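Below is one structure, written out as structure tokens; comments come after it.
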Amino acid sequence: MIDFQYEADFKLDNESDYSDWLNRIIVSEGKCLKELTFIFCDDAYLLDINQKYLQHDDYTDIITFDYTDDNLIGGDIFISIARVKENARTYKVEVVEELQRVMAHGVLHLMGYSDKTQKDISIMRSKEEEKIKLFHVEQ
């Protein structure tokens, strides 16, 4: 099950399209969905989580809490819509594309991909691009 929650002035237009796409991402890596929740929030909300649970005092676009059990993917993924919009401006891409990149990024973390080293970052970016392309694939 994939759930979308909104703690900011934002709402996905087509939740079912996003659910289908996220499922395709998971299946494309040979995994199965257990339970996934996306919480869309503002900067203050995500900063509070960052401070409370990770002891970081900075803004971020995404925080992922991993509840994956072997090949069963599960987690809570918090996304700051303000950071997504700011990143879209910075990287000169559409907000929807940046949102998809961040959503894919969170799911990829749940499947074991990291972004700690330059090599990891390169692999993560490549996987993000690959998974964004799945959004427009018809089932």
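Hydrogens, waters and symmetry mates play no part in the numbers below; they use all other heavy atoms, side chains included. What you are looking at is a predicted structure, and each value in this text was computed from that prediction instead of being measured.
The aromatic rings of Phe4 and Phe40 sit parallel, their planes meeting at an angle under 30°, below the 60° perpendicular limit.
Counting only heavy atoms from C-beta outward, the side chains of Glu97 and Tyr91 never approach each other to under 4.5 Å. Contact check for Arg83 versus Tyr59: side-chain heavy atoms found under the 4.5 Å cut-off. Within the 4.5 Å cutoff, side-chain heavy atoms of Tyr67 are placed close to those of Asp76. Residues Asp3 and Leu36 are not in side-chain contact: their nearest non-hydrogen atoms beyond the backbone lie 4.5 Å or more apart. Two residues are said to be in side-chain contact when any heavy atoms from C-beta on lie closer than 4.5 Å; Asp115 and His105 meet this criterion. Between Leu12 and Leu99 there is a side-chain heavy-atom pair separated by less than 4.5 Å. Side-chain atoms of Tyr18 and Gln100, non-hydrogen and from C-beta on, do get closer than 4.5 Å to each other. At a threshold of 4.5 Å between non-hydrogen side-chain atoms, the residues Ile62 and Phe78 do not count as touching.
At distances below 3.5 Å, not a single donor-acceptor pair connects side-chain atoms of Ser19 with backbone N or O atoms of Ser16. The closest donor-acceptor contact from the side chain of Trp21 to the backbone of Lys133 lies at 3.5 Å or more, if one exists at all. Between the Asp42 side chain and the Tyr45 main chain, a donor and an acceptor come within less than 3.5 Å of each other. Between the side chain of Thr90 and the backbone N or O of Glu86, at least one donor-acceptor pair lies under 3.5 Å. Counting only distance, with no hydrogens or angles, the side chain of Asp70 and the backbone of Leu72 share no donor-acceptor pair below 3.5 Å.
Salt bridge Glu129/Arg101: absent, no basic N to carboxylate O contact under 4.0 Å. Using a 4.0 Å cut-off between charged side-chain N and carboxylate O, Arg24 and Asp20 make no salt bridge. Using a 4.0 Å cut-off between charged nitrogen and carboxylate oxygen, Glu98 and Lys85 do not count as a salt-bridge pair. Salt bridge annotation for Arg125-Glu128: present, with a cationic side-chain nitrogen under 4.0 angstrom from a carboxylate oxygen.
Within 6.0 Å of CD on Gln55 lie more than 12 heavy atoms contributed by other residues, nucleotides or ligands. No more than 12 heavy atoms of other residues, nucleotides or ligands shown are found within 6.0 angstrom of OH on Tyr53. Atom CG of Asp9 sits in a sparse spot, with 12 or fewer heavy atoms from other residues, nucleotides or ligands closer than 6.0 Å.
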Show your reasoning for whether side chain to side chain contact (heavy atoms under 4.5 Å, CB included) applies to Phe38 and Gln5. CA-CA 6 Å; Phe38 283 86; Gln5 298 177 8; over 6 Å; no
Pair Asn50, Asp57 - check side chain to side chain donor-acceptor pair (under 3.5 Å), show working. CA-CA 7 Å; Asn50 214 5; Asp57 193 24; over 6 Å; no
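Between Ser28 and Leu134, the shortest heavy-atom distance links the atoms OG-CD1, 4.0 Å.
Shown are Thr37, Val102, Leu110, Ile39; of these, the side chain to side chain contact (heavy atoms under 4.5 Å, CB included) with Ile77 is made only by Leu110.
Taking Ser126 as the reference, nothing meets the side-chain contact (heavy atoms from CB on, under 4.5 Å) condition, with sequence neighbours excluded.
Linking Ile, Leu, Val, Met, Phe, Trp and Tyr whenever their side-chain heavy atoms come within less than 4.5 Å puts Leu54 and Leu46 in one cluster.
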